[in-house]
Amino acid sequence: MITTKTPGHYGTPESRWAGMGPYYAMFPTAFADKVIRDYTSPGDGVLDPFAGRGSAIFSASIRNRPAIGIEINPLGFVYSNAKLKPGVQGEVVRQLEYIAEDAKRYRQESKELPEFFHYCFSGGVLQFLLAARQNLNWRQSNTDRTLMALIVASLHGKRNRSLSNQMRESTAMSPSYCVRWWREKELTPPDIDPVEFISKRISWRYAHGVPDTNGSRVFLADSTRKLPTFAREVCRGKRAKAKLLITSPPYHNVTNYYADQWLRLWMLGCPEQPTNSIGKNYGGRFSNSQQHRRLVERVFQQSRKLLRDDAIIYVRTDQREATYRNTLDALTVSFPEKRIREVSRPLEPRQQVKPYSRGGAPKRANCEIDLILEPC
C-alpha cells in the first residue's frame, strides 16, 4: 500500500516528495489520493489541464496510473516535475556546490537590486540566488529543476525556516508593503549559509530515495494550445485516452496568480517587481466573467477528445456564484451526456486559501464545491 502523507509520517519516498513546494490554493494531497483511488484502477490514464503543482498527477503516477498535466505557471511546472522525476542526488549536490562557488561573481550585481531584496535577504544569500537564477536550466535539466525547486520552496517564509526575512510562505506581498513592515518591526534579514540550508533539505527529500512515477509529467504550456496536440496524438494512436479528468480551474476574480508568486517567479527569470503586464501571461485575476467562462469551456471541450466514453470528470471549484456558474455551465455544455453530482466542502486549512473578491468576502467564500460527472 502506498502512503503519501499522514501526520508525522514521512517514511517513504512518496511521502517525502508529495508536498514539494508551497503554492496558492493547491490540492490537498489527501484529496487527490482519494479521488485517484475511488475513480481509477492501475493502468487507467489521468488528465489535469490546470495542474498547479501537480498533486493529482503525482498521486496518479505513484499508483501506476499514467498521467499528464498542463500548467501555464512556471512555478507549478518546476514543483511538479521536480517531484515526478527528481535529479540524481549526487548531481544535485554537485550543482549546489558549483552555484555556491559561482556566487562570488555576483557581489556587485546584488548591490544593484531594489531596496526590497536587501531587506529580504542577506548579502551572501542574494549572491547565491543570483548565481542560481543565472545558471540553473530548470526548463530542460532534471538536476537543475530539482535544485531550483528546493531553492524556490525555501525562498521565503518564517525566519530561520526559509532564506528570507519574516514573510508569508504561500504568497509574496508587495515589495513596498514588506519594506515598510520590516522597518517598523526593525527586522533585518537573517544571516544564513544558503549551501548548508539547502543541503539539509536535499538530505531530507532523498532520505528514502525517489518515487517511481512511471514517466508521468506536467507540461509547461497553455492548455488551450497544448490539448489539441494531445488530441492529434490520440488520433494517431500514439496516446491512450484517460479514464479520469481531475482538475481545479482558476477562480474568477479571486487573486492574481502571478502577483501571489512574484518573488519565486523572479527566481525563474521574471522581472524583479510584480507587474500587471507579466501577470497576464499566467492568467492574472480572471476578472472578466465572460473571458473566464470561455477559457474554462474551451479547455473542457478540448479535453473531451482525450477522454474515454466512460470517463469520470472530477472538478473542484469555488462556490461563489460567478466561478461556480461559469464552471458548471462549461461542464454541462462540454459533457451533455454525463450526469452531475455536487458535493460542498469546507476549505481545508493550510493548503487552500480563503478566496476574497473585491468588496469583501462573500457569504459562500468559506466553501468549495466538487462537481462530479459520471456516465448516465
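One-based numbering along the sequence shown. Computed from heavy atoms alone, side chains included, the values below leave out hydrogens, waters and symmetry copies.
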Report yes or no: does [X] contribute a side-chain atom to a donor-acceptor pair with the main-chain N or O of [Y] at less than 3.5 Å?
| X | Y | value |
| --- | --- | --- |
| Trp182 | Gln166 | yes |
| Trp17 | Arg205 | yes |
| Asp212 | Asn214 | yes |
| Asp38 | Val35 | no |
| Ser223 | Pro49 | yes |
| Ser162 | Gly157 | yes |
| Ser80 | Gly54 | yes |
| Arg145 | Arg139 | yes |
| Arg339 | Pro375 | yes |

Q | Test log, rule side-chain contact (heavy atoms from CB on, under 4.5 Å), inputs Lys83 and Arg53 | A | CA-CA 10 Å; Lys83 62 189 179 186; Arg53 68 168 187 166; 4.2 Å; yes
Heavy-atom count around [X] [atom1] within 6.0 Å, excluding the residue itself: above 12?
| X | atom1 | value |
| --- | --- | --- |
| Glu112 | CD | yes |
| Asp309 | CG | no |
| Arg308 | CZ | yes |
| Arg159 | CZ | yes |
| Asp310 | CG | yes |
| Arg294 | CZ | yes |

Q: Determine, stepwise, if the pair Arg341 / Glu374 fulfils side-chain contact (heavy atoms from CB on, under 4.5 Å).
A: CA-CA 8 Å; Arg341 288 193 295 119; Glu374 301 167 300; 3.1 Å; yes
**Q.** Listed once per pair and sorted, the ring pair (Phe, Tyr, Trp, His ring centres under 6.0 Å) pairs that draw on residues 208-249, sequence neighbours left out
**A.**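 Found Phe219-Phe230.
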Q: Please list all pairs passing the ring pair (Phe, Tyr, Trp, His ring centres under 6.0 Å) test where one or both residues lie in residues 129-181, with sequence neighbours left out.
A: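 Sorted result for residues 129-181: empty, none.
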Check: [X]/[Y] side-chain N/O donor and acceptor closer than 3.5 Å:
| X | Y | answer |
| --- | --- | --- |
| Asp33 | Ser59 | yes |
| Thr213 | Ser216 | no |
| Asn81 | Arg217 | no |
| Asn73 | Gln261 | no |
| Tyr251 | Arg320 | no |
| Asp370 | Tyr314 | yes |

Does some side-chain heavy atom of [Y] sit less than 4.5 Å from a side-chain heavy atom of [X]?
| X | Y | value |
| --- | --- | --- |
| Lys305 | Val234 | no |
| Leu295 | Pro250 | yes |
| Tyr79 | Arg264 | yes |
| Glu169 | Lys158 | no |

Residue pair [X] / [Y]: nearest heavy atoms and the distance that separates them:
| X | Y | answer |
| --- | --- | --- |
| Lys85 | Thr146 | O-OG1, 4.3 Å |
| Leu307 | Leu47 | CD2-CD2, 4.3 Å |
| Phe58 | Pro211 | CE1-CG, 3.7 Å |
| Asn165 | Pro189 | ND2-N, 3.6 Å |
| Glu71 | Gly52 | OE1-N, 2.6 Å |
| Ser110 | Gln127 | OG-CG, 3.8 Å |

Could you state the interatomic distance from [atom1] ([X]) to [atom2] ([Y]), rounded to the nearest 0.5 Å?
| X | Y | atom1 | atom2 | value |
| --- | --- | --- | --- | --- |
| Ser154 | Ile198 | OG | CD1 | 4.5 Å |
| Asn135 | Ser141 | CG | OG | 11.5 Å |
| Leu306 | Leu245 | CG | CG | 8.5 Å |

Q. Of His252, Glu368, Glu342, Gln319, which meets side chain to side chain donor-acceptor pair (under 3.5 Å) against Tyr324?
A.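 The single option meeting the side chain to side chain donor-acceptor pair (under 3.5 Å) with Tyr324 is Glu342.
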Q | Test applied, side chain to side chain donor-acceptor pair (under 3.5 Å); reference residue, Asn326; option that passes from His292, Gln290, Glu297, Arg293 | A |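 The single option meeting the side chain to side chain donor-acceptor pair (under 3.5 Å) with Asn326 is His292.
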Q) Step by step, would you call Phe128 with Ile99 a side-chain contact (heavy atoms from CB on, under 4.5 Å)? A) CA-CA 7 Å; Phe128 171 83; Ile99 296 298; 3.6 Å; yes
Q) Taking it one step at a time, do Glu196 and Lys200 satisfy salt bridge (Lys or Arg N to Asp or Glu O under 4.0 Å)? A) CA-CA 6 Å; Glu196 179 183 357; Lys200 291 179 179 178; 3.7 Å; yes
(Q) Ring of Phe31, cation from Arg316 - is the NZ or CZ under 6.0 Å from the centre and inside 45° of the axis? (A)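 That pair qualifies as a cation-pi contact.
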Q: State whether Phe197 and Arg201 meet the cation-pi test: NZ (Lys) or CZ (Arg) under 6.0 Å from the six-membered ring centroid, and within 45° of the perpendicular axis.
A: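 That pair qualifies as a cation-pi contact.
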Q: Report yes or no: do Ile340 and Ile369 belong to one cluster of Ile/Leu/Val/Met/Phe/Trp/Tyr joined by side chain heavy-atom distances under 4.5 Å?
A: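 Yes, it is one cluster - the side chains of Ile340 and Ile369 are joined through contacts under 4.5 Å.
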Q) Leu263, Leu187: one ILVMFWY side-chain cluster at the under-4.5 Å cut-off? A)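 In one cluster: yes.
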Q: Indicate the ring-plane relationship of Trp266 and Phe117, choosing parallel, tilted or perpendicular according to the 30° and 60° boundaries.
A: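 Rings of Trp266 and Phe117: tilted, 30 to 60°.
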Q) Pairs in or reaching into residues 89-104: which pass salt bridge (charged side-chain N to carboxylate O under 4.0 Å, His left out), with residues at least two apart or in two chains? A)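 Every pair satisfying salt bridge (charged side-chain N to carboxylate O under 4.0 Å, His left out) with a residue in residues 89-104: Glu101-Lys104, Asp102-Arg105.
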Q: Given salt bridge (Lys or Arg N to Asp or Glu O under 4.0 Å), test Glu233 with Arg239 step by step and report yes or no.
A: CA-CA 5 Å; Glu233 292 175 358; Arg239 186 178 295 277; 2.7 Å; yes
Q) For the residue pair Tyr10 and Trp204, is the inter-centroid distance of their aromatic rings smaller than 6.0 Å? A)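 Between Trp204 and Tyr10, which both carry aromatic rings, the centre distance is below 6.0 Å.
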Q: Apply the test side chain to side chain donor-acceptor pair (under 3.5 Å) to residues Thr247 and Asp48: give CA-CA distance (whole Å), side-chain angles for both, the deciding distance (0.1 Å), then the verdict.
A: CA-CA 5 Å; Thr247 198; Asp48 186 348; 2.6 Å; yes
Q: Please assess Arg304 against Glu337 for the test salt bridge (Lys or Arg N to Asp or Glu O under 4.0 Å), listing each intermediate value before the final yes or no.
A: CA-CA 12 Å; Arg304 179 186 178 91; Glu337 76 285 4; 3.2 Å; yes
Q: Carefully, step by step, assess Ile313 and Leu331 under the rule side-chain contact (heavy atoms from CB on, under 4.5 Å).
A: CA-CA 9 Å; Ile313 294 89; Leu331 286 167; 3.9 Å; yes
